[in-house]
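This report concerns only the one structure given below.
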Number of protein chains: 2
Amino acid sequence: MERIETGAAIFWEGDAADHVFAVVEGVLRIHKLLPDGRRVITGFIYPGDLVGISLRDRYLYTAEAVTPTRFRRFGRNRFQEEINKSPELRPQLFARLCDEMAAAQDQMVLLARKSAEERVASFLLIIANRLAGDQRSPVIDVPMTRLDMADYLGLTIETVSRTMTKLASRGVIAPCGRHAVTIRKLEMLALLAGESDEDDNRWTSNTYTQQAVWPH
Amino acid sequence: MERIETGAAIFWEGDAADHVFAVVEGVLRIHKLLPDGRRVITGFIYPGDLVGISLRDRYLYTAEAVTPTRFRRFGRNRFQEEINKSPELRPQLFARLCDEMAAAQDQMVLLARKSAEERVASFLLIIANRLAGDQRSPVIDVPMTRLDMADYLGLTIETVSRTMTKLASRGVIAPCGRHAVTIRKLEMLALLAGESDEDDNRWTSNTYTQQAVWPH
DNA sequence: CGTCCATTTGACCTGGATCAAGCTATGTGG
DNA sequence: CCACATAGCTTGATCCAGGTCAAATGGACG
């Protein structure tokens with residue numbers, strides 16, 4: 001089990017992709033940079049998730065700790081073999097990849113067509129959902145900074161801040177310090193997020209993958 | 001082998017996901033709709049690609065023909081078995097999923113941070129690359145309409161049109177009728193697309209997956 | 001307490017959206 | 001073979017959501 005502090009990277013975009021990592025505790029951000037420095041966070045990694053799977057010989061993105069993070073490391077080849085051998089792990093990995101693809105498509109919808117308010121509302125619902133297994137409380141943990149949120153949502157830090165303030169002033173959410181929020185009106189938030197076909201249970205059961213126990 | 005005409009759908013978002021499809025000829029667009037009708041095209045499917053793989057019992061998107069399309073249909077269960085049995089097909093499918101994931105992440109970068117001009121330039125390079133196997137010519141086929149391009153790039157039809165006109169007036173591209181374009185200055189186009197770290201060979205060899213022969 | 005960031009708030013600006021005509025290839029049927 | 005319908009595309013004029021720049025404000029930690 002390895003451990004890194006907030007801000008440290010497990011690997012960088014372009015590093016030789018020799019390992020796969022399983023996060024045990026903490027949150028990571030996955031990002032890509034354009035040559036001029038524009039940053040896009042393509043996802044956040046929570047405990048139980050894997051990072052670094054790819055076919056290329058180099059990582060296509062950087063993985064950094066949003067909070068202090070503990071993780072396990074697997075040799076790339078050993079990981080591949082293990083997956084290939086186990087008729088139990090294999091479909092679990094496949095399931096992960098499919099879920100990840102579905103999330104990526106939802107993110108494309110968000111980035112291509114949603115307004116700033118819809119993006120922020122969607123984001124709050126997404127992270128509320130990530131935690132849903134652990135806890136069922138209207139108080140959700142927001143470990144990332146406003147800049148992380150902005151780079152994930154394709155907005156600026158100022159727009160994220162203004163939008164959060166507006167949601168709070170309308171009583172939809174209530175800030176609990178910098179890194180937590182109380183959701184006061186869940187239905188309203190789902191409505192503001194767009195894609196809510198009212199009786200939509202997407203936000204209460206959206207993952208079909210169970211907790212996997214990765215090798216070792 | 002089945003066949004559909006331009007505009008027809010193979011399946012709709014929300015349909016029972018009972019089959020997987022392999023496109024043999026033609027081009028499909030994959031899209032998702034927000035409840036108010038905003039459309040996002042999350043990808044285009046070319047001959048040799050698969051569509052409809054998912055773990056959910058419903059498709060998460062609609063697949064429609066951009067051009068007349070011929071495709072093969074596989075029962076979902078039979079497809080899963082076939083993949084699971086074959087130690088040859090399995091890594092190929094895995095490779096596809098990884099490539100698709102990499103493309104999705106590039107698209108998130110495009111949608112989150114690129115300007116209209118960068119988006120259009122990136123798009124032209126992407127489709128030029130899709131065809132690269134078939135032909136090596138500066139004349140690239142653009143089977144989709146301006147509206148399809150707009151909904152893929154998170155822009156409006158007007159902005160796509162204006163941007164194409166501007167690229168043409170600068171001699172970077174030259175229109176060849178509505179559905180083809182000559183690339184006059186490939187380096188310039190790559191530069192305008194952003195992410196060009198000059199000596200970047202991303203655009204000449206970006207796929208590690210070979211042509212797979214899907215079952216049947 | 002003071003320093004240092006993260007965040008909020010305010011004022012202004014702009015790229016791309018929106019609204020509104022024209023234009024151009026295909027048909028199509030007389 | 002030619003009007004003329006039609007759907008896709010281009011072009012122009014105006015608008016505005018969110019970006020940019022700048023200045024407080026606030027909280028965590030020595």
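Protein chains get the first letters and strands the later ones, always in sequence-line order, with residue 1 at the start of each. What you see is a predicted model, and the numbers here were worked out from it, not measured in a lab. As a basis for the values below, the full set of heavy atoms in this structure was taken, side chains included, without hydrogen atoms, waters or symmetry mates.
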Identify whether the distance between the nearest side-chain nitrogen and carboxylate oxygen of [X] and [Y] falls below 4.0 Å.
X: E2(B); Y: R72(B); answer: no
X: R29(B); Y: D148(B); answer: yes
X: D151(B); Y: K32(B); answer: no

Exercise. Taking for each residue the nucleotide of DNA chain D bearing the nearest heavy atom, is the 5' side occupied by R119(A) or by H179(B)?
Worked result: H179(B)
For this session: Please check if the side chain of R119(A) supplies one atom and the backbone of L111(A) the other of a donor-acceptor pair under 3.5 Å.
Result: yes
Exercise. Between E117(B) and M164(B), is there a donor-acceptor pair closer than 3.5 Å when you use the side chain of the first and the backbone of the second?
Worked result: no
Exercise. Should the pair F21(B) and F71(B) be assigned to parallel (<30°), tilted (30 to 60°) or perpendicular (>60°) ring geometry?
Worked result: perpendicular
Exercise. Does R178(A) put a side-chain nitrogen or oxygen below 4.0 Å from OP1 or OP2 of dG27(D)?
Worked result: no
Measure [atom1]/[X] against [atom2]/[N] and give the value in whole Å, please.
X: L111(A); N: dG18(D); atom1: CG; atom2: P; result: 13 Å
X: M149(A); N: dA6(C); atom1: CE; atom2: P; result: 15 Å
X: D148(A); N: dC5(C); atom1: CG; atom2: C1'; result: 14 Å
X: L147(B); N: dT6(D); atom1: CG; atom2: C1'; result: 16 Å
X: R113(A); N: dA17(C); atom1: CZ; atom2: C1'; result: 10 Å
X: R146(A); N: dT8(C); atom1: CZ; atom2: C1'; result: 9 Å

For this session: For the helix from dC1(C)-dG30(D) to dG30(C)-dC1(D), figure out the bend between the end axes, five pairs an end, and round to 10 degrees.
Result: 30°
Problem set entry | Sorted by number, the residues of residues 150-167 of chain A with heavy-atom contact under 4.0 Å to DNA chain D | G154(A), L155(A), T156(A), E158(A), T159(A), R162(A)
